[in-house]
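Here the structure comes first, spelled out in structure tokens, and everything after it is commentary.
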Amino acid sequence: MKNNQFNPADHIQDLQYFGEFGGVNPSISDSSTYTFLSAKTMFDTFEGNAEGCYLYSRHSSPMNLYLGEALAAMEGTESANVAASGMGAITPVLMQLCSAGDEIVSSRTIYGGTYAFMKNMLPKWNIKTHFVDITKLDVVEAAITNNTKVLYCETVSNPLLEVADIERLAQLAKKHNIKLVVDNTFSPLSVAPAKMGADVVIHSLTKFINGSSDTVGGVVCASQEFINDLKNVNNGASMLLGPTMDSLRSASILKNLRTLHIRMKQHSYNANYLAEKFEKDGLKVVYPGLKSHPSHEIYSNMINKEYGFGGMMTVDVGSLDKANELMELMQNRNLGYLAVSLGFYKTLFSAPGTSTSSEIPLDEQKEMGLTDGLIRFSIGLDNDIERTYQMMKTCMKEIGVLKELQQA
Ligand SMILES: *Cc1c(COP(=O)(O)O)cnc(C)c1O
């Protein structure tokens, strides 16, 4: 099935859950352990042979399974496993797929924490990562060796908004018999990587999916076989490393998921509006919805148009000083918060070089085009985006980032 014929929001909507007392939301099970009516069933559950029985909440809990089911429906995978954070989803996947001596080929423009884990921690277990420009398929293929087990990328990268051509990367992964793992955090609903051949799709639920900046969370969406491997009581990384989400939290994330489709449309509409206006004003804007974006064509063919090009954009204002000055002024005018993270109702902005990507050494930042004056915006759900635009433009003029283009 082509990605653009797959509508993830409809799949989520088609799931029907009833609470224990006929509630319109599933009941929250507030237990870490579960009773068995017979000792034999407990043994079978340990062996993984008792479908529908719960053992211990680090392994499974009813609410985590509900949330996982909804997210698997969203990504079009057989199954999913939720985790207490995005990193709590990413790190077990890599440790499950790789053993000592194995290698990873990864995009070099990825979330700072993922980069730090691959670069500084995985070598302790003799797992080596080659960081490449993911938009150059020949470079990606050249980095694959007989020891490579994983090809890793973000659909739309953090913070540079590079686009990974998932379909062609999936073909490459198949050809070399390795797993394609995609972090889809920036593009929920817009892109369904598993429908384009990705083996494992990961989200930080902390961002757009939960959308209220009140918790961290993560999910791994994949085949039933791989999810079972992650949860295996003897050698499953998700089971044994213990990044389990609490049931109360998964209940609140499931409720927020109900409005994701409406929120994504508004995030995309607003970001596209500002990106077009600011580019016309002469600013250096990066947004996948702009024709000037190097992967605009590729991304246009990847997305489910209904949900747009996403809520993330970057603007380069020339220097770190100007970036800081502008962000402080915008915060004073209540246009958003100077904060990391993304996917909130309110616009969030930060300078990635000194914050979320500070794990990446300065010379490497420069090489990948991560400049000092870069501001990453997560555009909010503002009702009147023209009004926001006018107010932001005033801030930019006041500090000299934007020259008056037309004198009256
Ligand atoms: C935030 C983020 C993560 C990490 O998620 P946490 O929930 O903070 O652990 C991973 N990947 C991307 C693209 C992110 O934006």
Side-chain angles (χ1 to χ4, degrees), residues 64 67 71 75 80-95 104 106-122 129 131 134 150 152-164 166 181-191 193 198 200-221 237-238 241-246 249-250 252-253 256-257 260 264 267 271 288 310-314 339-344 348-353 355-360 368 370 374 376-379:
N64 285 8
L67 178 59
L71 293 165
E75 289 298 350
N81 189 39
V82 298
S85 71
M87 290 309 294
I90 293 165
T91 54
V93 164
L94 297 175
M95 299 201 73
I104 297 168
S106 171
S107 164
R108 61 185 187 181
T109 62
I110 52 173
Y111 178 69
T114 312
Y115 178 87
F117 181 70
M118 289 176 180
K119 180 149 177 148
N120 304 328
M121 289 202 69
L122 285 179
T129 304
F131 294 99
I134 203 73
V150 170
Y152 187 94
C153 66
E154 295 174 3
T155 311
V156 179
S157 80
N158 181 19
L160 293 172
L161 310 183
E162 283 178 355
V163 171
I166 306 287
V181 178
V182 178
D183 179 338
N184 199 32
T185 300
F186 278 28
S187 41
L189 302 180
S190 290
V191 180
V200 179
V201 181
I202 296 173
H203 283 276
S204 165
L205 302 176
T206 315
K207 316 298 170 51
F208 291 102
I209 291 179
N210 184 57
S212 51
S213 294
D214 56 357
T215 186
V216 290
V219 69
V220 180
C221 302
S238 292
L241 296 173
T244 311
M245 174 174 279
D246 184 75
R249 256 324 168 190
S250 49
S252 76
I253 295 173
N256 285 357
L257 180 67
L260 180 65
M264 285 316 296
H267 283 300
M312 303 301 295
M313 71 170 197
T314 68
V340 299
S341 201
L342 45 125
F344 198 31
L348 301 177
F349 32 78
S350 58
S355 59
T356 52
S357 297
S358 56
E359 292 92 339
I360 303 171
M368 59 179 72
L370 218 171
L374 197 77
R376 184 186 78 177
F377 285 84
S378 164
I379 303 301

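One-based numbering, in listed order, for ligands and for the atoms of each.
Atom 5 (O) of ligand 1 has as its closest protein heavy atom Ser204 OG, 3.0 Å. Among all non-hydrogen protein atoms, the one lying nearest atom 8 (O) of ligand 1 is Tyr111 OH, 3.9 Å. Protein heavy atom in closest approach to atom 6 (P) of ligand 1: Gly86 N, 3.3 Å. Nearest to atom 14 (C) of ligand 1 among the protein's heavy atoms is Lys207 NZ, 2.9 Å.
Note on ring orientation: taking the six-membered ring where Trp is involved, the planes of Phe131 and Tyr115 are tilted (angle from 30° to 60°).
At least one donor-acceptor pair closer than 3.5 Å links the side chain of Asn184 to the backbone N or O of Val191. Looking at Ser378, its side chain does come within 3.5 Å of a backbone N or O of Gly343 through a donor-acceptor pair.
Atoms of ligand 1 found under 4.0 Å from any heavy atom of Glu154 (numbered from 1 in listed order, with element): 13 (C). Residue-ligand proximity, Thr206 to ligand 1, at heavy-atom distances under 4.0 Å covers atoms 6 (P), 7 (O).
Contacts between Ile90 and ligand 1, counted as non-hydrogen atom pairs separated by less than 4.0 Å, involve the side chain only.
In this structure, Gly217 has a heavy atom closer than 4.0 Å to ligand 1.
When the options Asp183, Leu205, Asn184 are ranked by their closest heavy atom to atom 12 (C) of ligand 1, first place goes to Asp183.
In this model, no donor atom of one side chain and acceptor atom of the other lie less than 3.5 Å apart for Arg249 and Asn210.
Side-chain contact between Val216 and Met87 is absent, with no heavy-atom pair separated by less than 4.5 Å. Here the side chains of Leu374 and Leu160 are in contact, with some heavy-atom distance below 4.5 Å. At least one side-chain heavy atom of Ile209 sits under 4.5 Å from a side-chain heavy atom of Leu257.
For ligand 1, the polar-atom distance check against Gly88 finds no nitrogen or oxygen pair separated by under 3.5 Å. Backbone and side-chain nitrogen or oxygen atoms of Thr114 are examined, and none is located within less than 3.5 angstrom of a nitrogen or oxygen of ligand 1. Of the N or O atoms in Phe186, none lie within a sub-3.5 Å distance of an N or O in ligand 1.
In plain terms, the two heavy atoms of Thr215 and Thr206 that are nearest each other are O-CG2, 3.3 Å.
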